[in-house]
Undergrad: 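Okay, handing you the structure first.
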Amino acid sequence: MLELSQLSEQVQAMSREIAVRRRQRADLLALARRWLTRYADLGEQLRHPARSSRTAIPTAEPFDHYVSLPAIPECFTVIAADGSQIQPDRHGAALYHLINVGSIVYRHGSGQAPVAYSHPTLGYTDDDLYENGLLVDGNLLDVRRDLAEITRLAELCAESSTDPQIALIDGTLLLWVLEERANTRADEWRRVKVLAYLEQLQRIHE
């Protein structure tokens, strides 16, 4: 049983803490904007420190450079894909994993209703469940889901004949999860995964 009355003081303390955090974020945002203006033209000088700390490398453009948005076309196609997964449970009645990729194609300006798809894949054989002797779970399954998402997105882009197209995917365009498996044995495995991912990005670009 939860005694809500016992939480009243803690909720009030939480509210005060949230107010403090908001003020701190506002101060940090103002500071970031000042720095953006102050260091806008120093990208070349900051390249070496950025490279040594493995952060984003500045480009030749000023940091505060912006490009005006083009006019929105009357008709365009939006294609999006997102995935989810069920992790394998060693203590379950059966050992399996599931990857489900949902996707949608919306032809703006056409008057057509959006078309949604769902592509579930059940992994239950030894080839599905194990990779290099390791059970495909955690980050390994995350990579498979990411590859399934980007592959489905590329397929839908290739099938669509309407231009222009906007391709949307959740998360980052980089497989950061691969960094957590940085060791000599995993180098070839990582290379194969990255090349497969880049292949689908190239299909989308084309």
Side-chain angles (χ1 to χ4, degrees), residues 1-72 76 78-87 89 97 99-104 106 108 114 116 137-150 152-153 165-183 186 190 193-194 197-198 200-201 204-205:
M1 183 172 64
L2 177 60
E3 290 287 350
L4 293 176
S5 59
Q6 297 184 28
L7 289 175
S8 59
E9 291 185 5
Q10 297 178 56
V11 170
Q12 293 175 12
M14 182 180 69
S15 299
R16 292 191 294 271
E17 178 66 22
I18 290 174
V20 171
R21 290 179 187 172
R22 286 181 176 173
R23 289 193 295 270
Q24 290 174 340
R25 290 194 186 108
D27 292 342
L28 289 173
L29 181 59
L31 177 62
R33 286 173 172 164
R34 290 197 298 272
W35 283 356
L36 187 65
T37 301
R38 183 184 303 171
Y39 301 110
D41 297 318
L42 298 182
E44 189 63 36
Q45 298 178 35
L46 296 174
R47 282 179 185 239
H48 179 69
R51 187 174 287 108
S52 62
S53 62
R54 301 186 68 186
T55 56
I57 307 301
T59 66
E61 294 178 343
F63 293 159
D64 57 355
H65 176 75
Y66 68 92
V67 178
S68 299
L69 292 175
I72 299 177
F76 57 89
V78 178
I79 303 173
D82 191 20
S84 59
Q85 72 266 16
I86 297 176
Q87 298 284 347
D89 181 2
H97 61 69
I99 295 176
N100 184 53
V101 178
S103 54
I104 190 168
Y106 169 55
H108 178 79
D137 64 353
N139 289 345
L140 289 175
L141 191 58
D142 290 344
V143 172
R144 286 198 181 182
R145 185 208 61 228
D146 288 344
L147 287 173
E149 289 174 0
I150 200 74
R152 182 58 184 155
L153 193 65
Q165 295 181 20
I166 301 171
L168 302 176
I169 198 164
D170 189 25
T172 68
L173 290 178
L174 301 176
L175 294 177
W176 291 114
V177 67
L178 294 179
E179 293 295 323
E180 299 178 19
R181 300 183 57 82
N183 59 64
R190 293 170 57 198
K193 300 298 183 184
V194 169
Y197 195 82
L198 291 176
Q200 300 310 317
L201 286 178
I204 294 171
H205 174 70

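Since the model is a prediction, treat every value here as computed from it, not as a measurement. Quick note: residue numbers are just sequence positions, from 1.
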Undergrad: Say you draw a straight line from OH of Y106 to CD1 of I166; how long is it, rounded to the nearest 0.5 Å?
TA: 10.5 Å
Undergrad: Would you name the heavy atoms of D82 and E149 that are closest together and state the gap between them?
TA: OD1-OE2, 3.6 Å
Undergrad: Quick check: do L153 and Q200 have side-chain heavy atoms less than 4.5 Å from each other?
TA: no
Undergrad: Enter the distance from L141:CG to D146:CG here, rounded to the nearest 0.5 Å.
TA: 10.0 Å
Undergrad: Taking atom CD of Q12 and atom CE of M14, what is their separation to the nearest 0.5 Å?
TA: 10.5 Å
Undergrad: Within a strict 4.5 Å, meaning less than it, do heavy atoms of the R22 and I18 side chains meet?
TA: yes
Undergrad: So which heavy atom on A40 is nearest to which on D64, and how close?
TA: CB-OD1, 3.4 Å
Undergrad: To the nearest 0.5 Å, how far apart are CZ in R34 and CG in L29?
TA: 10.0 Å
Undergrad: Compare every heavy atom of F63 with every heavy atom of Y39, then report the nearest pair and how far apart it is.
TA: O-CD1, 3.2 Å
Undergrad: Would you name the heavy atoms of R145 and I99 that are closest together and state the gap between them?
TA: N-CD1, 3.9 Å
Undergrad: Take L140 and R144 through the side-chain contact (heavy atoms from CB on, under 4.5 Å) test and state the conclusion after the steps.
TA: CA-CA 7 Å; L140 289 175; R144 286 198 181 182; over 6 Å; no
Undergrad: With heavy-atom distances below 4.5 Å as the criterion, would you say the side chains of Q85 and D142 are in contact?
TA: yes
Undergrad: Is any side-chain heavy atom of D137 closer than 4.5 Å to a side-chain heavy atom of H97?
TA: no
Undergrad: Kindly indicate whether the side chain of I204, heavy atoms from C-beta on, has any atom under 4.5 Å from the side chain of I150.
TA: yes
Undergrad: Where do I104 and P114 come nearest, in terms of heavy atoms and distance?
TA: CD1-CB, 3.8 Å
Undergrad: Keeping the roles fixed (side chain from S8, backbone from L4), state whether a donor-acceptor pair exists under 3.5 Å.
TA: no
Undergrad: Do the non-hydrogen side-chain atoms of R16 and V20 ever get within less than 4.5 Å of each other?
TA: no
Undergrad: Take a 6.0 Å sphere around CD of E17 and say whether it holds more than 12 heavy atoms from other residues, nucleotides or ligands.
TA: yes
Undergrad: What is the distance from atom OG of S103 to atom CG of L168, rounded to the nearest 0.5 Å?
TA: 12.0 Å
Undergrad: Please check if atom CG in L31 has more than 12 non-hydrogen atoms from other residues, nucleotides or ligands closer than 6.0 Å.
TA: yes
